[in-house]
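Notes follow the structure.
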Amino acid sequence: MPTPTPEAAAPKRDRTRYLYLAVIAAVVLGVAVGLLWPSVGKSLAPLGTGFVNLIKMMISPIIFCTIVLGIGSVAKAAKVGKVGITALVYFIVMSTFALAIGLVVGNLLHPGSGLHLNPADVSKVHQQADGGEGTTDFLLGIIPKTFVSAFTEGEVLQTLLVALLAGFALQKLGKRGEPILRGIEHIQRLVFRVLAMIMWAAPVGAFGAIAAVVGATGWGALRSLLVIMLGFYLTCLVFVFGVLGAVLWLGARVNIFSLLRYLGREFLLILSTSSSESALPRLIAKMEHLGVSKPVVGITVPTGYSFNLDGTAIYLTMATLFIATAQDQPLALGEQITLLLFMIIASKGAAGVSGAGIATLASGLQSHRPELVDGVGFVLGIDRFMSEARALTNFAGNAVATVLIGSWMKEFDRDRSREVFTGRVPFDEATLLDEKPAEPAQPVPANA
């Protein structure tokens, strides 16, 4: 009787394949509706917004449970600090590299030359720039108003802070904290089960999001901006497969194609919703399933979503060069280097701004080169398409960072990852958790 058990479980996993086939069909249908009936397409925007909001609703509890369980099961607090410092240093280095690549490609392509920008959307851009926050506000914003407001307001960094404090407190409690850890484990199972249920609404969300953007922009709006779009997509591809792929292989001996194939469903979800946040909970679950330890996943993934924005970094530099050239105000090499240093800081605060791409670009230019802000309005038409490449690149960067840091901290099971990549240890789409591997890990907190 033990033999039929895995076979009986297989159909449950297989059913989720139909879900993602439905997402692809929904994207195609959304494009058709947006092109044929633009007004209908635009009216469907709430479907996409609603689905992304459902996913965002789950982010705070998932991050909290993951970090508390990860830190609570580690005997020494210094180990957690080492992971965090390593992650931040890596994020700064890679984001700087991404910004530099954006500048190089922007100088090679010279996007925006010969264009006459329409400043009709300038007031809208200034409103978004005013919504941006400075470095001090960003840092103070990490502290929640109350212990529970981090969960109610959906702020990732606030949730991260509360979870870190709770995790370290449970460390200090030792064996007395074990019942609390067990309780949080059960809450985590519940939260991931709810997330798995929400995922069945993905086709509806994808349909509404794609229909709305195609209905609002159409294909005509893309023609004059094709150069920067193709250049940006090409740059992101070079960065992911060239830079991240090389770093991943040298640092962890993991093939970038194997990792991205393993995360294929998450990439499809991001492509259809244009939000990397929609795949954040699944990235946490899949990285743990791949063999990266809970503490590394719990620290690296949430922090990376705020500080490791490689796609956003490339976008900021390329879009700035595009706007400057299009307004016949090209930047000299010295100005570009200054801009590079400025954008390194600006990109770190991107997570604190709603609509990180366009708002951060506008607020950054307003602080650095205010005469160029008027040109941001022209980028609004294709920002939705650019945001997809940003989100995909950001997501890939955070997945690579998690594996790398896990490998450097010796918290990455390579044998397990090979089994996962070959399909011998499939990811459980029903629970999003590894129930059986979790059992041997139970004794770990006893050493705390």
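All values below come from the heavy atoms of this structure, side chains included, with hydrogens, waters and symmetry mates left out.
The salt bridge (Lys or Arg N to Asp or Glu O under 4.0 Å) test applied to Arg424 returns Glu419, not counting sequence neighbours. Residues forming a salt bridge (Lys or Arg N to Asp or Glu O under 4.0 Å) with Arg418 (at least two apart in sequence, or on another chain): Asp415. Scanning for side chain to side chain contact (heavy atoms under 4.5 Å, CB included) contacts around Val420 gives Tyr262, His289, Leu290, Arg416, Val425, with sequence neighbours left out.
Contact record, Ile187 with Cys65: CG2-SG, 3.9 Å, taken as the closest heavy-atom pair. Scanning both residues, Ala401 and Phe91, for their nearest heavy atoms gives CB-CE2, 3.7 Å. The shortest non-hydrogen separation linking Val68 to Ala163 is CG2-O, 3.6 Å. Taking both residues in full, the closest heavy atoms of Asp310 and Gly397 are given as OD2-CA, 3.8 Å, listed atom of the first, atom of the second, then distance. Val23 approaches Ala202 most closely through the heavy-atom pair CG2-CB, 3.9 Å. When every heavy atom of Leu47 is checked against every heavy atom of Gly208, the shortest pair comes out as CB-CA, 3.9 Å.
Counting heavy atoms of neighbouring residues, nucleotides and ligands inside a 6.0 Å radius, atom CE of Met57 exceeds 12 of them.
Taking CH2 of Trp408 as the reference point, atom CD1 of Ile405 lies at 6.5 Å (rounded to 0.5 Å). Atoms CG and CG, from Leu244 and Leu259 in turn, are 10.0 Å apart once rounded to the nearest 0.5 Å. With rounding to the nearest 0.5 Å, the separation of CG in Leu248 from CZ in Arg253 is 10.5 Å. To the nearest 0.5 Å, the span separating CZ on Phe232 from OG1 on Thr317 amounts to 8.5 Å. Between the CZ atom in Phe395 and the CZ atom in Arg282 there is a gap of 8.5 Å [rounded to 0.5 Å]. Atom-to-atom distance recorded for Ile270:CD1 and Leu283:CG is 8.0 Å, nearest 0.5 angstrom.
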Requested in this report: May I have the step-by-step check of side chain to side chain contact (heavy atoms under 4.5 Å, CB included) for Val400 and Tyr90, ending in yes or no?
Outcome: CA-CA 11 Å; Val400 169; Tyr90 171 82; 4.0 Å; yes
Query raised in the report: Checking salt bridge (Lys or Arg N to Asp or Glu O under 4.0 Å) for the pair Glu178/Lys175: CA distance, chi angles, key distance, verdict?
Result: CA-CA 5 Å; Glu178 287 183 22; Lys175 289 189 176 181; 5.9 Å; no
Query raised in the report: Given Phe421 and Val254, is the side chain to side chain contact (heavy atoms under 4.5 Å, CB included) satisfied, shown in steps?
Result: CA-CA 10 Å; Phe421 286 147; Val254 172; 3.9 Å; yes
Query raised in the report: Going through the distances and angles, do Glu411 and Lys294 end up as a side chain to side chain contact (heavy atoms under 4.5 Å, CB included)?
Result: CA-CA 9 Å; Glu411 296 284 333; Lys294 275 181 179 291; over 6 Å; no
Query - CA sep, side-chain torsions, deciding dist, call: Asn398, Val301, side chain to side chain contact (heavy atoms under 4.5 Å, CB included) - result: CA-CA 6 Å; Asn398 286 315; Val301 174; 5.8 Å; no
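Taking the six-membered ring wherever Trp is involved, the centroid distance between the rings of Phe239 and Phe97 does not fall below 6.0 Å.
For the pair Val243/Val238, no side-chain contact is recorded, criterion being any heavy-atom separation below 4.5 Å from C-beta on. Counting only heavy atoms from C-beta outward, the side chains of Ile101 and Val105 approach each other to under 4.5 Å. Phe51 places none of its side-chain heavy atoms less than 4.5 Å from the side chain of Val204. Annotation: side chain of Tyr315 is not in contact with side chain of Thr393 (no heavy-atom distance under 4.5 Å). Val40 has its side chain within reach of Val33: a pair of non-hydrogen atoms, C-beta onward, lies under 4.5 Å apart. Counting heavy atoms from C-beta outward, Thr300 and Val83 have side chains that approach closer than 4.5 Å. Contact of the Cys236 side chain with the Leu392 side chain is not registered, since no non-hydrogen atoms from C-beta on lie closer than 4.5 Å. Ser293 places none of its side-chain heavy atoms less than 4.5 Å from the side chain of Met409.
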